[in-house]
There are 2 protein chains.
Amino acid sequence: MSNGAETNDTGAVDEDSSGAADDRQPEVEAARQKVIGAMERSAEVYGLNRSYGRLYGILYFQDDPVSLDELTDRSGYAKSTVSTAMKKLERLHLVHRRSVPGEGKKAFFEAEREFWQVIQELLRHEVKREIDIMTRALDEAEQRLEAAEDERAEQDLEKVRHLERMFGRGERLVNVLTGSSVERLTSLLERLRRE
Amino acid sequence: MSNGAETNDTGAVDEDSSGAADDRQPEVEAARQKVIGAMERSAEVYGLNRSYGRLYGILYFQDDPVSLDELTDRSGYAKSTVSTAMKKLERLHLVHRRSVPGEGKKAFFEAEREFWQVIQELLRHEVKREIDIMTRALDEAEQRLEAAEDERAEQDLEKVRHLERMFGRGERLVNVLTGSSVERLTSLLERLRRE
DNA sequence: CGTTTTATTCGGCATTGACCGAATATTTCG
DNA sequence: CGAAATATTCGGTCAATGCCGAATAAAACG
């Protein structure tokens with residue numbers, strides 16, 4: 001607990017590129033914390049844990065990959081907590097695990113900073129899988145309902161088919177979104193806005 | 001607990017339009033349960049509770065608005081649970097609260113069956129609000145960093161601006177999506193696929 | 001192959017959240 | 001306005017989750 005203020009209480013942590021400790025300039029640190037705080041909030045809203053937002057935020061501002069130990073220092077969480085959090089963040093494609101040549105087994109992490117990339121991966125894997133499962137359930141339900149000749153069955157059938165149409169559209173949308181490059185999609189968006 | 005099988009254990013619940021009890025045709029009921037089960041799963045995946053998926057599913061298959069008491073019967077949950085669940089589902093724009101003329105205070109609910117509608121409302125309210133909050137945090141961070149003349153600040157500034165660009169795009173996307181009718185967007189999607 | 005370094009898993013505690021039934025508030029109707 | 005019908009809130013219980021530190025496993029190194 002009391003995680004808000006103790007982020008850099010360990011004092012002289014060696015810094016990545018500029019070489020200086022990063023709690024020197026209080027304004028810079030305040031700016032970072034502002035953004036990281038917003039990320040924590042976002043994480044919470046989108047169904048994740050605040051800690052994930054925090055950890056992602058820490059990574060976001062580091063130029064070079066960060067080791068597990070350094071992350072535990074910077075975040076204030078226990079190593080085990082960070083380890084499991086990293087596993088989840090990796091599954092969400094929000095961070096990447098790196099290994100650094102001279103550093104043995106040590107694991108390093110870096111933030112994926114292109115959100116569109118993250119969204120695409122999520123669509124490709126999680127969302128697509130959900131659509132597939134739903135589609136299978138709908139198909140099976142449709143077959144059962146077609147077999148049963150019943151007034152009740154007719155009404156349900158209509159509703160099931162409505163769902164099938166919507167999920168079909170969803171699937172096509174996902175295909176388009178995951179099949180295009182970021183550039184193509186942004187230019188498309190621009191065109192859209194002007195039309 | 002044991003929610004899977006006890007949905008219609010109360011026997012003769014009066015049925016809406018067709019007039020017949022709906023656990024007569026086991027095939028029809030099985031089809032429904034298949035779909036409702038998939039909805040429960042989906043709810044879970046998208047960060048909601050299984051019970052919400054279940055309640056939505058029950059509503060989805062009813063032609064006419066359903067009262068709280070009937071929902072309680074059909075779902076097996078306590079009235080208080082259903083009440084709070086409905087409040088949340090309303091906030092998510094997944095169900096609408098209706099009042100029926102002759103029925104006094106009694107509240108009725110019906111499912112919003114057009115998912116795109118749901119998504120648009122969600123974008124318009126929740127997502128937009130999140131984007132706004134993040135944007136404010138980023139602006140403030142940017143100002144602080146512009147004030148501090150520091151090598152460190154430069155690097156952070158770059159990253160903050162990167163976030164601002166991404167969220168700016170996100171906002172424009174949300175605007176386009178919420179500003180267009182379903183028809184326009186589906187036809188657009190079709191065009192997109194063919195290009 | 002043992003030792004060292006590092007990551008992961010596990011058991012346990014504290015917090016949170018879901019759900020319930022009872023109590024309370026609100027609305028409608030006579 | 002009082003009584004009846006209905007919805008909501010509240011306190012409590014149980015399960016799930018987050019987080020920790022210790023124990024274990026896995027990998028790299030000499």
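Chain A is the first sequence line, chain B the second, and so forth, proteins listed ahead of strands; every chain is numbered from 1. Because the structure is predicted, anything quoted here is derived from the model rather than measured.
There is no side-chain donor-acceptor pair under 3.5 Å between A/Gln117 and A/Glu121.
Scanning both residues, B/Ser42 and A/Glu130, for their nearest heavy atoms gives OG-OE1, 3.9 Å.
Rounded to an integer number of Å, the gap from NZ of B/Lys87 to C1' of D/dT6 is 15 Å. For the pair A/Leu68 CG and C/dT5 C1', the interatomic distance rounds to 13 Å; values are reported in whole Å. Regarding A/Met86, its CE atom lies at a distance of 18 Å from the P atom of C/dT6, rounded to whole Å. The distance from atom NZ of B/Lys106 to atom P of D/dA5 is 11 Å, rounded to the nearest whole Å. When rounded to the nearest whole Å, the span between CG of B/Leu71 and P of D/dT6 equals 15 Å. Note: CG (A/Leu48) to C1' (C/dT16) measures 17 Å, nearest angstrom. Between the CD atom of A/Glu44 and the P atom of C/dT16 there is a distance of 11 Å, rounded to whole Å. As a whole-Å value, the separation of A/Arg50 CZ from D/dC19 P is 11 Å.
Using bins of under 30°, 30° to 60° and over 60° for the plane-to-plane angle, the ring pair A/His162/B/Tyr60 lands in the parallel bin. Between B/His93 and B/His125, the angle of the ring planes stays under 30°, which puts this pair in the parallel group of the 30/60° scheme.
Ranking C/dA7, D/dA7, C/dC19 by closeness to the B/Tyr77 side chain, first place goes to C/dC19.
Looking only at distances, a side-chain donor or acceptor of A/Ser187 sits under 3.5 Å from a matching main-chain atom of A/Arg184. Between the side chain of A/Gln155 and the backbone N or O of B/Phe61, no donor-acceptor pair lies under 3.5 Å.
Within the model, atoms CZ of A/Phe167 and CG of A/Asp132 stand 11.0 Å from one another, a figure rounded to the nearest 0.5 Å.
Distances shown here put every side-chain N or O of A/Asn49 at or beyond 4.0 Å from the OP1 or OP2 atom of C/dT16. Distances shorter than 4.0 Å separate none of the side-chain N or O atoms of B/Thr84 from OP1 or OP2 on D/dT8.
The pair B/Arg144-B/Glu140 meets the salt-bridge criterion, since a charged nitrogen lies less than 4.0 angstrom from a carboxylate oxygen. Salt-bridge formation is not detected for the pair A/Lys87/A/Glu90: no Lys NZ or Arg NE/NH1/NH2 atom is positioned less than 4.0 Å from an Asp or Glu carboxylate oxygen.
Residue-environment remark: NZ (A/Lys34) stays at or below the threshold of 12 foreign heavy atoms within 6.0 Å. No more than 12 heavy-atom neighbours from other residues, nucleotides or ligands sit within 6.0 angstrom of CD on A/Glu158.
Across all strands, A/Ser67 comes closer than 4.0 Å to no nucleic acid atom at all (heavy-atom distances).
Residues B/Gln62 and B/Glu110 are not in side-chain contact: their nearest non-hydrogen atoms beyond the backbone lie 4.5 Å or more apart.
Fit an axis to the five pairs at each end of the helix from C/dC1-D/dG30 to C/dG30-D/dC1 and the two axes sit 30° apart, to the nearest 10 degrees.
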Shorter than 3.5 Å, N or O on both sides, protein versus nucleotides 21-25 of chain C: list them out with atom names.
unit_1 : atom_1 : unit_2  : atom_2 : d
C/dG21 : N7     : B/Ser80 : OG     : 3.4
C/dG21 : O6     : B/Ser80 : OG     : 2.9

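For DNA chain D, the neighbouring residues in residues 88-104 of chain A, judged by any heavy atom under 4.0 Å, are A/Gly104.
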